[in-house]
Number of protein chains: 2
Amino acid sequence: MRARADNSLAERKRQLVADELRDAALMLLATKGFDVVTVDDIVAAAGMSRRTFFRYFASKEDVVVRFLADTSADIITELATRPPAEPSSVALRHALWVPLAACNDHPEHSERARVVVRLILDTPALHARWLERQIEWRAELAAELANRSGLDPHTDPYPRMAAGMALLALDTVLQRWQPGDDEQHLAKLMDQAFAVVAPALDAPAASPAAG
Amino acid sequence: MRARADNSLAERKRQLVADELRDAALMLLATKGFDVVTVDDIVAAAGMSRRTFFRYFASKEDVVVRFLADTSADIITELATRPPAEPSSVALRHALWVPLAACNDHPEHSERARVVVRLILDTPALHARWLERQIEWRAELAAELANRSGLDPHTDPYPRMAAGMALLALDTVLQRWQPGDDEQHLAKLMDQAFAVVAPALDAPAASPAAG
DNA sequence: CATTGCTTGACACTGAGTGCCACCGATAGC
DNA sequence: GCTATCGGTGGCACTCAGTGTCAAGCAATG
């Protein structure tokens with residue numbers, strides 16, 4: 001359902017409208033706060049109708065969350081292409097680096113991402129949606145990890161928990177990145193966060209016989 | 001704000017109303033599904049007014065989530081009273097056992113909790129709120145862990161991530177508990193889940209110098 | 001009996017999200 | 001050139017969540 005990435009004729013117009021909506025929304029929400037800005041404000045700023053907004057975004061939260069969380073497929077693909085012998089901690093670190101790579105390479109994009117991260121972490125409704133999206137990521141990561149390790153995800157808690165730990169690392173990185181006080185390099189923060197969970201991610205399998 | 005547990009005269013009536021509302025809501029939501037049941041349906045079943053519902057619960061989600069997540073203070077207290085020399089994994093396991101203890105001891109309460117867990121995990125909106133509540137737990141647990149370990153929670157990612165891993169273990173336990181196919185003992189599930197994260201929880205501190 | 005305080009119900013209101021239909025522009029076929 | 005069709009859009013009305021406000025009801029106290 002995402003396979004039509006470049007139907008140049010009409011698809012480009014759709015993308016244009018979506019970008020316009022997104023930009024107007026992000027601008028308003030980030031400066032004025034999530035709760036006080038209504039969808040009417042957003043569409044007024046974008047010069048479109050309220051109804052159109054909901055054709056492109058499922059909810060007011062969706063505009064913000066999708067800006068960060070639109071790349072789940074890329075993450076899974078990256079994890080699937082890591083060498084099977086690679087330790088889980090390394091493979092997961094590389095997989096979750098995918099959505100961060102753009103921020104790290106392009107400082108101008110990075111600054112806006114920082115604002116969005118701050119907005120999400122500071123707004124309970126957005127934080128909830130963000131976590132909801134992470135749930136999907138976790139399920140997909142867990143399935144792929146089960147694939148890699150040959151474990152049964154229904155009887156062994158490892159795949160799900162490993163995926164959860166990786167996302168916890170990502171969450172911690174974002175939380176420590178968003179203040180922006182000093183130049184906290186994303187790569188360094190990722191290394192630190194994954195260093196904490198690595199002992200559990202790479203521990204020798206002993207889960208089924210824990211009783 | 002919770003210090004008035006037994007102002008016997010009027011407080012008991014308040015509790016009665018809250019229970020009535022909660023029971024009606026849980027019954028309807030669990031049987032018919034979260035989305036199709038409106039607040040009007042709930043208050044009609046409870047024989048009260050719509051406005052009263054929102055005096056007792058902040059939202060429709062709140063009724064369900066509070067049923068499980070009303071015990072954060074007890075968890076922190078339990079963690080704070082664990083012996084300082086105890087490994088983090090053991091202390092956290094005991095702390096997070098507190099909200100589960102009631103379910104484990106009283107099978108009749110346990111059955112309803114199972115239904116609520118299933119409802120939460122199956123409903124995205126509820127799951128998101130549940131995780132949002134866990135964020136608060138994580139912050140409180142992290143603060144207490146920083147206290148125990150003497151680490152600075154602003155510079156060291158360990159406290160926050162340790163709290164997150166413990167809650168991830170809890171989440172995994174609930175997810176594996178709710179199918180209820182066979183008699184999965186909560187204690188056993190907790191042991192298995194914590195066995196996965198223990199290597200990271202109890203790893204020797206090496207986080208600040210990871211770069 | 002009057003007052004004070006707490007709870008409730010009713011009403012109105014904002015805002016999110018959806019369904020429906022009419023409109024508009026472009027493209028394809030006669 | 002006229003028309004049928006198709007994707008996108010705007011407008012409208014609707015449901016439902018959640019909030020503010022006010023007028024009771026009802027207990028305890030003077």
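Note on naming: letters A, B, ... go to the chains in the order of the sequence lines (proteins, then strands), and numbering restarts at 1 for each one. Hydrogens, waters and symmetry mates play no part in the numbers below; they use all other heavy atoms, side chains included. Computed from a prediction, not measured in an experiment: that's the story for all the values here.
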(request) Assess whether one donor atom and one acceptor atom, taken from the side chain of Arg55(B) and the base of dG9(C), lie less than 3.5 Å apart. (result) yes
(message) Measure CZ/Phe53(A) against P/dG8(D) and give the value in whole Å, please.
(response) 18 Å
(message) With a 3.5 Å distance limit and no angle check, can you tell me whether Arg176(A) reaches the backbone of Thr155(B) through a side-chain donor-acceptor pair?
(response) yes
(message) Tell me whether Thr31(B) contacts the main-chain N or O of Leu28(B) through its side chain, where contact means a donor paired with an acceptor under 3.5 Å.
(response) yes
(request) Give the rounded distance in Å between these two atoms: CG of Leu16(B) and P of dC6(C). (result) 20 Å
(message) So for Arg50(A) and dG17(C), does any side-chain atom that can act as donor or acceptor lie under 3.5 Å from a complementary atom in the base?
(response) yes
(request) State, yes or no, whether a side-chain contact exists between Leu131(A) and His127(B) at a heavy-atom distance under 4.5 Å. (result) no
(request) Could you check how far CZ of Phe57(B) sits from P of dT8(C), rounded to whole Å? (result) 12 Å
(message) Expressed as a whole number of angstroms, how long is the span from Ile42(A):CD1 to dG15(C):C1'?
(response) 12 Å
(message) So if I take every side-chain heavy atom of Arg14(B) and compare against dA16(C), dG18(D), dT7(C), which nucleotide ends up nearest?
(response) dT7(C)
(request) Would you kindly give the CG-to-C1' distance between Asp40(B) and dA10(C), to the nearest whole Å? (result) 13 Å
(request) Whole angstrom is fine here: how far is it from CE in Met48(B) over to C1' in dG25(D)? (result) 16 Å
(message) Quick check for you: among dA16(C), dT19(D), dG19(C), whose closest atom lies nearest to any side-chain atom of Arg51(B)?
(response) dT19(D)
(request) Side chain of Lys60(B) only, please: which of dG15(C), dG18(D), dG9(C) is the nearest? (result) dG18(D)
(message) Would Phe194(A) and His94(A) count as a ring pair (Phe, Tyr, Trp, His ring centres under 6.0 Å) here? Give the steps.
(response) CA-CA 11 Å; Phe194(A) 270 90; His94(A) 279 99; 9.5 Å; no
(message) Under 4.0 Å from OP1 or OP2 of dG8(D): is there any side-chain N or O of Tyr56(A) that close?
(response) no
(request) Take the protein atom CG of Asp35(A) and the nucleotide atom P of dG15(C), then report the distance between them rounded to whole Å. (result) 12 Å
(request) Give a yes/no answer on whether the side chain of Ser49(B) brings an N or O atom under 4.0 Å of OP1 or OP2 in dT8(C). (result) no
(message) Looking at Asp152(B), is its backbone amide N or carbonyl O close enough to the side chain of Tyr158(B) to form a donor-acceptor pair, meaning the two atoms are under 3.5 Å apart?
(response) no
(request) Nearest whole angstrom, please: distance from the P of dG8(D) to the CZ of Phe54(A). (result) 19 Å
